[in-house]
Peer 1: 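Have a look at the structure that comes next, please.
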Amino acid sequence: MREFFDVGGRKLSYLDFGGPGAPLLALHGHYNEASAFAPLAEALAPRWRVLALDQRGHGESDRARCYGRDDYAADVAAFHRHLGIGPVAVLGHSLGGVNAYQYAARWPERVRALIVEDIGAVVNSDWSFTLRLPRRAPSRQDLVTALGPVAPYLECSFRRSDDGWGFSFGIEDTVASQRALNGDHWQDWTAVACPTLLIRGTRSDELPADHAGEMIARRAGRARLVELPAGHVVHHDAPDRFAAAVEDFLSDPD
């Protein structure tokens, strides 16, 4: 079920996949939106109830003037308050992964377990791919053709408008967000107190194996690493094994 709430005059959207299970907040990456977690929500039900946020500038949420680190973290905090629930498990992919561990670091009493999918404590994002994305295509098939092999990773964000097919995110907004994501976030990563699972795709071009190893080492026994045969979007490339890793961790995070 899609729901909306207001944050300082901006509308944020989220999907509540429902069910009787314990809540799991899910934060997507760039080029995606809450619906990207539909397969995971189905796989985790009924034990876990996935609540996935359309982050600012994505999906059905309003675009924003700023896409800084504090802005995203404040949105997650507002989302959590809106839900009116206590400490939760939080999962994030890429952009959402940094947002998730920064939220856990800054509001430790609100996060009891953390899952970070294929993003590092130091981020050096290349936004040239974003600038090469087609602005509009005459049809959905034309958009798929223009995107080539990356189309399946972006299709949840496809939107039809009066002048053709495009995306639910803005190109310039995404570049601004990627610029603000870049940097050294070791202080936040090492400040996380709750049990943490880091999931890395073995074919990832975003999270090198040595950096993932250092992230685990710096957390001194409070983080574990799972590597799966996948690229950067592990939940897409290896959905069953990704869901199993998440469920195993959440069943016994300590």
Side-chain angles (χ1 to χ4, degrees), residues 1-3 14-55 58-59 76 79-80 83 85 87-101 103-104 111-120 150-157 192 194-207 209 212 215-216 219 222-254:
M1 178 184 299
R2 183 171 296 282
E3 303 280 356
Y14 66 97
L15 290 178
D16 180 351
F17 290 95
L24 170 63
L25 306 192
L27 307 172
H28 61 79
H30 285 124
Y31 317 119
N32 275 180
E33 56 185 62
S35 62
F37 290 113
L40 177 66
E42 182 178 1
L44 296 180
R47 188 170 182 183
W48 296 93
R49 171 191 173 195
V50 174
L51 298 124
L53 179 66
D54 276 344
Q55 300 194 84
H58 297 79
V76 180
F79 179 40
H80 198 168
L83 295 172
I85 54 180
V88 294
V90 180
L91 177 152
H93 169 241
S94 197
L95 162 72
V98 178
N99 296 346
Y101 70 66
Y103 181 60
V111 182
R112 66 176 191 82
L114 173 68
I115 302 157
V116 175
E117 180 188 351
D118 210 73
I119 195 69
V150 303
Y153 298 98
L154 278 68
E155 65 180 350
C156 70
S157 297
V192 174
C194 66
T196 300
L197 174 66
L198 177 63
I199 301 178
R200 174 182 175 268
T202 56
R203 301 190 302 273
S204 172
D205 56 3
E206 181 63 45
L207 179 58
M215 291 172 72
I216 300 304
R219 288 288 307 281
R222 294 296 284 169
R224 67 183 82 161
L225 174 66
V226 169
E227 296 181 296
L228 298 176
H232 177 51
V233 191
V234 187
H235 66 264
H236 179 279
D237 292 349
D240 294 340
R241 295 180 67 172
F242 181 86
V246 169
E247 187 160 30
D248 287 349
F249 170 71
L250 292 176
S251 298
D252 184 19
D254 293 314

Peer 1: Looking at Leu198 and Met215, what are the two nearest heavy atoms and their distance?
Peer 2: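 Shortest heavy-atom contact: CD2-SD, 3.9 Å.
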
Peer 1: Would Val111 and His80 satisfy side chain to side chain contact (heavy atoms under 4.5 Å, CB included), going step by step from the backbone distance to the final call?
Peer 2: CA-CA 10 Å; Val111 182; His80 198 168; 5.7 Å; no

Peer 1: With a 4.5 Å cut-off on side-chain heavy atoms, are Trp48 and Val246 touching?
Peer 2: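 Val246 does not reach Trp48 side chain to side chain.
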
Peer 1: Flag the pair His232 / Tyr153 as yes when at least one side-chain heavy-atom distance between them is below 4.5 Å, and no otherwise.
Peer 2: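 Side chain of His232 against side chain of Tyr153, heavy atoms only: no contact under 4.5 Å found.
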
Peer 1: Do Leu91 and Phe37 come within less than 4.5 Å of each other through their side chains, counting heavy atoms only?
Peer 2: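 Yes, close enough: below the 4.5 Å cut-off.
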
Peer 1: Tell me whether Asp54 contacts the main-chain N or O of Glu33 through its side chain, where contact means a donor paired with an acceptor under 3.5 Å.
Peer 2: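 The answer is no, because no donor-acceptor pair under 3.5 Å joins these two groups.
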
Peer 1: Is the shortest side-chain heavy-atom distance between Leu250 and Arg47 below 4.5 Å?
Peer 2: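 Not touching, per the 4.5 Å side-chain cut-off.
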
Peer 1: Any chance you could measure Arg219, atom CZ, to Thr196, atom OG1, to the nearest 0.5 Å?
Peer 2: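 With rounding to 0.5 Å, CZ (Arg219) is 3.5 Å from OG1 (Thr196).
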
Peer 1: Looking at Pro253 and Ser251, what are the two nearest heavy atoms and their distance?
Peer 2: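 Smallest heavy-atom distance, with atoms named: CD-C, 3.8 Å.
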
Peer 1: Just verifying a value: how many Å separate Leu27 CG and Tyr101 OH, rounded to the nearest 0.5 Å?
Peer 2: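 Output value for this atom pair is 13.0 Å.
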
Peer 1: Is the backbone N or O of Tyr31 less than 3.5 Å from a side-chain atom of Ser157, with the two atoms forming a donor-acceptor pair by type?
Peer 2: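 Indeed, once roles are kept as given, a pair shorter than 3.5 Å links the two residues.
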
Peer 1: Please assess Arg222 against Asp254 for the test side chain to side chain contact (heavy atoms under 4.5 Å, CB included), listing each intermediate value before the final yes or no.
Peer 2: CA-CA 8 Å; Arg222 294 296 284 169; Asp254 293 314; 3.8 Å; yes

Peer 1: Can you tell me how far CZ of Phe17 sits from CG of Leu40, rounded to the nearest 0.5 angstrom?
Peer 2: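 Going from the CG atom of Leu40 to the CZ atom of Phe17 covers 8.5 Å.
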
Peer 1: Near Glu247 CD, under 6.0 Å, is it more than 12 heavy atoms from other residues, nucleotides or ligands?
Peer 2: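 Yes - once you tally the heavy atoms of other residues, nucleotides and ligands closer than 6.0 Å, there are more than 12.
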
Peer 1: Side chains of Leu51 and Val88: closer than 4.5 Å at any heavy-atom pair?
Peer 2: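 Result no, sub-4.5 Å side-chain heavy-atom pair not found.
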
Peer 1: Taking all non-hydrogen atoms of both residues into account, name the closest pair between Ile119 and Leu207 and its distance.
Peer 2: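 Here Ile119 and Leu207 meet closest at N-CD2, 3.8 Å.
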
Peer 1: Return the CG to CD1 distance between Leu197 and Ile216, rounded to the nearest 0.5 Å.
Peer 2: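 Reported value, rounded in 0.5 Å steps: 8.0 Å.
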
Peer 1: Donor-acceptor pair, Glu117 side chain versus Gly97 backbone, under 3.5 Å?
Peer 2: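 Answer holds: no.
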
Peer 1: Working to the nearest 0.5 Å, report the span between CG of Leu114 and CG of Leu25.
Peer 2: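 Reported to 0.5 Å precision, the distance equals 11.0 Å.
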
Peer 1: Using the ring of each side chain (for Trp, its six-membered ring), is His235 parallel, tilted or perpendicular to His93, with breaks at 30° and 60°?
Peer 2: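 Taking His93 first and then His235, their aromatic rings stand perpendicular (interplane angle over 60°).
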
Peer 1: Determine whether Asn32 and Glu155 make a side-chain contact, defined as any pair of heavy atoms from C-beta on separated by less than 4.5 Å.
Peer 2: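 No, their side chains stay 4.5 Å or more apart.
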
Peer 1: How would you list, by chain and number, every residue that makes a ring pair (Phe, Tyr, Trp, His ring centres under 6.0 Å) with Phe249, sequence neighbours excluded?
Peer 2: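 In terms of ring pair (Phe, Tyr, Trp, His ring centres under 6.0 Å), with neighbours along the sequence ignored, Phe249 is linked to no residue.
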
Peer 1: Is there a side-chain contact between Arg49 and Asp16, using heavy atoms and a 4.5 Å cut-off?
Peer 2: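 The answer is yes, as the side chains (C-beta and beyond) meet within the 4.5 Å cut-off.
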
Peer 1: Check whether any side-chain heavy atom of Asn99 lies under 4.5 Å from a side-chain heavy atom of Tyr103, and answer yes or no.
Peer 2: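 Answer no - side chains too far apart.
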
Peer 1: Quick one: do the Ser94 and His30 side chains pair a donor with an acceptor below 3.5 Å?
Peer 2: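 No.
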
Peer 1: Taking all non-hydrogen atoms of both residues into account, name the closest pair between His28 and Leu53 and its distance.
Peer 2: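 Closest heavy-atom pair between His28 and Leu53: CD2-O, 3.1 Å.
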
Peer 1: Asp252 and Arg224: which non-hydrogen atoms are nearest, and at how many Å?
Peer 2: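 Asp252 and Arg224 have their closest heavy atoms at O-NH2, 3.0 Å.
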
Peer 1: Which pair of non-hydrogen atoms, one from Ala100 and one from Val90, has the smallest distance, and what is that distance?
Peer 2: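 The pair with the smallest heavy-atom distance is CB-CG1, 3.8 Å.
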
Peer 1: Atom CG of Asp118 and atom CD1 of Ile199: how far apart are they, to the nearest 0.5 Å?
Peer 2: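 Between Asp118 CG and Ile199 CD1, I get 9.5 Å after rounding to 0.5 Å.
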
